[in-house]
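One-based numbering, in listed order, for ligands and for the atoms of each. Hydrogens, waters and symmetry mates play no part in the numbers below; they use all other heavy atoms, side chains included. These numbers were taken from a predicted model, which means no experiment stands behind them.
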Amino acid sequence: MTNENWGEIRQGLKKKVGHNNYVTWIEPLRFEALESGVMTFTVQSNFMGNWVDRYFREAILGEAGAHGLDVSRLRFVVRKAADDPATHDDQPQPHAPVAAAPGRPRKVAAAPKGVRPVTASDSIRLDTNQTFDTFVVGKPNELAHAAARRVADGGEVSFNPLFLYGGVGLGKTHLMHAIAWELQARDPSTKVLYISAEVFMHRFVQALREKDMIGFKELFRSVDVLMVDDIKFIAGKDSTQEEFFHTFNALVDQKKQIVLSADSAPGDIDGLEKRIVSRLNSGLVIDIHPTSYELRLGILQRKFDLFAKQFPGAYIADGVMEFLALRITQNVRELEGAMTRLFAHSSFLGREVDVPMAHEFLHDLLKEADRKVTIDEIQRTVADHYMIRMSDLLGHKRNRVYARPRQVAMYLSKGLTNRSLPEIGRKFNGRDHTTIMYGVRRVEDLMAQDATLAEDVELLRRALTTR
Ligand code: ADP
Ligand code: MG
């Protein structure tokens, strides 16, 4: 493959990932080589390589495939710049091949003597960033957090397994990594095995083929804590389920802790055998709820300093984090992605990013909600919610019973539509744009102190954007 091929692949990627992503992440990649299925690029930082690998790997592999190239893996080499004293050693290096470089985080899996160790390619390396310290706790995840803490304290096993489930990007993997870090920190001799169900299955099949079931069994049964992430992969594969079940029972009998994650409750996982479901249900089953506005804002605020360090020279205006928390609601990973994009743009452009610019840069992520929400609709929904008349919502009564919903409607109009403040003002009985601005700010301030209001706003937002 030549640079020219890469040029063509890049063009294809541009369509796939959108202009902004393309400029920020794909264009700066420098193609180096394609050898035995490994495509190598040079990048400016580990952070960049990790990011591309995490979010654009599928797109790149797919596009390369479409050009008749057989690429199975991406590799990123950090460009050695003489003027770059910080080599980003402290960056998280979770899933990208660059993490294989020296100085990576401690490995967790420790195999017993005489048994083939779980190799780096089996056991997913722990992400140094995914600890309890960096996990932001809110109502939606407080139970899961408490249970994870309990497991991480070590000591006697009081529930087995701990089964965490919830939607994509809500922190299941983060909590599992946090448990592993904590257990290791408390007692480095604890054998913690964190593994994805996919890898578990892969190893199982491999052991069958190599007629090494004994080694396989001993390996899994010799750990103190077994964590299997995303167990839906096991479902449906009968022999793996069987083995999983035996391993599971053996560990439970030995009072070893097991932690599992999935995207739905045990009973809702397709193809999972009944007796396994009931065994899982005999432990502690906890779901992580969708994030609330408060939690999202908390997460963004917690990450702010970290991002500021990663993107020197980036400036993010007041109100942008609130805007993100209001608009990007499905998945914390997406929220982080949006934040990264804004910081990256600001840093690359050397300009402060404000809310209108955020709108523009995040166009593709936001368009879902942009679709059809109108100010009229917002006003009607808010009036209904607070059980007041439209005439009172739009009128001039200063009583809080009317004033608060009015301000909430202003806030949502600003956040959920593309209308300018003067345009919104016109829709609110010809009010001045400064009045709208005041209303928006007021709600922002209040949400930070008043969880009930924040919840109301979140409910309204969902009602408005998900119909
Ligand atoms: P899941 O495994 O549930 O799909 P992850 O644990 O991979 O989700 O979380 C996705 C991203 O969001 C990760 O980068 C994680 O660190 C972050 N994240 C999720 N929840 C939180 C939280 N409560 N506090 C801080 N970061 C979070
Ligand atoms: Mg996960």
Side-chain angles (χ1 to χ4, degrees), residues 46-47 50-58 90-96 99 105 123-149 151-152 162-182 194-200 227-235 259-265 268-269 285-307 310 321 324-325 328-341 343 365 454 458:
N46 271 338
F47 178 80
N50 283 328
W51 194 266
V52 173
D53 193 59
R54 194 157 176 181
Y55 294 99
F56 301 107
R57 180 179 51 214
E58 293 306 319
D90 55 347
Q91 299 302 338
Q93 312 187 344
H95 307 295
S123 163
I124 295 172
R125 246 167 267 111
L126 289 184
D127 189 330
T128 46
N129 244 351
Q130 311 218 320
T131 59
F132 282 118
D133 280 349
T134 59
F135 190 82
V136 181
V137 185
K139 257 225 190 83
N141 60 23
E142 67 186 357
L143 272 179
H145 173 260
R149 276 274 189 205
V151 171
L162 169 60
F163 187 98
L164 297 172
Y165 75 94
V168 174
L170 296 183
K172 301 180 294 293
T173 299
H174 189 136
L175 280 176
M176 290 175 111
H177 281 231
I179 293 172
W181 280 124
E182 185 75 20
Y194 168 91
I195 197 167
S196 75
E198 213 176 4
V199 171
F200 180 90
M227 298 202 253
V228 186
D229 205 354
D230 279 327
I231 67 154
K232 67 167 178 271
F233 291 108
I234 288 180
V259 184
L260 306 170
S261 86
D263 56 9
S264 45
D268 295 333
I269 299 175
V285 177
I286 292 188
D287 64 334
I288 304 188
H289 297 272
T291 55
S292 60
Y293 172 84
E294 259 183 312
L295 177 60
R296 292 194 295 274
L297 192 59
I299 291 172
L300 288 168
Q301 281 164 348
R302 183 77 65 85
K303 307 234 168 194
F304 199 91
D305 291 342
L306 198 76
F307 275 78
Q310 279 167 358
M321 292 300 120
L324 291 184
I328 302 190
T329 58
Q330 289 306 311
N331 168 333
V332 178
R333 187 173 292 126
E334 241 176 42
L335 203 58
E336 291 175 340
M339 198 163 166
T340 306
R341 203 188 288 177
F343 271 89
L365 290 176
E458 173 67 16

Any Gln301 side-chain heavy atom under 4.5 Å of Phe304 side chain: no
Could you tell me the residue and atom name of the protein heavy atom closest to atom 14 (O) of ligand 1, and the distance to it rounded to 0.1 Å? Glu336 OE1, 2.9 Å
Quick one: look up the protein heavy atom nearest atom 7 (O) of ligand 1 and list residue, atom name and how far away it is. Arg333 NH2, 2.6 Å
Indicate whether the side chain of Thr134 and that of Asn129 have a donor and an acceptor atom separated by less than 3.5 Å. no
Listing by chain and number, what protein N/O/S atoms are under 2.8 Å from the Mg ion (ligand 2)? Thr173 OG1
Give me the nearest non-hydrogen protein atom to atom 16 (O) of ligand 1 as residue plus atom name, then the distance to 0.1 Å. His174 ND1, 2.6 Å
Nearest atoms (heavy-atom pairs only) where Ile288 meets Ala144: CG1-CB, 3.7 Å
Write out the residue and atom name of the closest protein heavy atom to atom 2 (O) of ligand 1, then the distance separating them to 0.1 Å. Thr173 OG1, 2.7 Å
Determine whether any heavy atom of His145 lies closer than 4.0 Å to an atom of ligand 1. no
Rounded to the nearest 0.5 Å, what separates atom CE in Met176 from atom NZ in Lys172? 10.0 Å
Show the nearest heavy-atom pair for residues Ala262 and Phe163, with the distance to one decimal. CB-CZ, 3.6 Å
Here the atoms of ligand 1 under 4.0 Å from any heavy atom belonging to Gly171 are 1 (P), 3 (O), 5 (P), 6 (O), 8 (O), 9 (O), 19 (C), 20 (N)
Among protein heavy atoms, which lies nearest atom 26 (N) of ligand 1, and at what distance? Lys303 NZ, 3.4 Å
Does an N or O from Val136, backbone or side chain, lie closer than 3.5 Å to an N or O of ligand 1? yes
The side-chain contact (heavy atoms from CB on, under 4.5 Å) partner of Ile328 among Leu300, Leu365, Thr291 is Leu365
Using a plain distance cutoff, I'd like to know if Phe135 has any nitrogen or oxygen under 3.5 Å from a nitrogen or oxygen of ligand 1. no
Looking only at protein heavy atoms, which one is nearest to atom 12 (O) of ligand 1, and how far off is it? Val332 CG1, 3.2 Å
Ile299 heavy atoms, cut-off 4.0 Å: which ligand 1 atoms fall inside? 21 (C), 22 (C), 23 (N), 24 (N)
Atom pair CD1/CG of Ile179 and Leu164 - distance to nearest 0.5 Å: 6.5 Å
How does Arg302 reach ligand 1, if at all, at less than 4.0 Å between non-hydrogen atoms: by side chain, backbone, both, or neither? neither
Quick one: does His177's side chain get under 4.5 Å of Met227's, heavy atoms only? no
Do the side chain of His174 and the main chain of Thr131 share a donor and acceptor less than 3.5 angstrom apart? yes
Enumerate the atoms of ligand 1 whose separation from the nearest heavy atom of Gln130 is less than 4.0 angstrom. 13 (C), 14 (O), 15 (C), 16 (O)
Within the 3.5 Å criterion, strictly below it, is a donor on Ser261 or Asp229 matched to an acceptor on the partner's side chain? yes
For Glu142, which residues count as a side chain to side chain contact (heavy atoms under 4.5 Å, CB included) partner, sequence neighbours excluded? Val137, Lys139
Fit a plane to each ring of Phe343 and Phe307, take the angle between them on a 0 to 90° scale, and name the class: parallel (under 30°), tilted (30 to 60°) or perpendicular (over 60°). tilted
Tyr165 pairs by side-chain contact (heavy atoms from CB on, under 4.5 Å) with which of Ile269, Leu260, Val285? Val285
Report the part of Asn141 in contact with ligand 1, treating N, CA, C, O as backbone and CB onward as side chain, heavy atoms under 4.0 Å; options are side chain, backbone, both, neither. side chain
Can you name the side-chain hydrogen bond (donor to acceptor under 3.5 Å, both in side chains) partners of Gln130, sequence neighbours left out? none
If we only count N/O pairs under 3.5 Å, is Val137 in contact with ligand 1? no
Return yes or no for this condition: an N or O of Gly169 is under 3.5 Å from an N or O of ligand 1. yes
With sequence neighbours left out, the residues meeting salt bridge (Lys or Arg N to Asp or Glu O under 4.0 Å) with Asp263 are Lys232
What's the shortest distance from atom 25 (C) of ligand 1 to any protein heavy atom, and which residue and atom give it? Thr134 O, 3.2 Å
I'd like to check which ligand 1 atoms, numbered from 1 as shown, lie under 4.0 Å from a non-hydrogen atom of Val168. 4 (O)
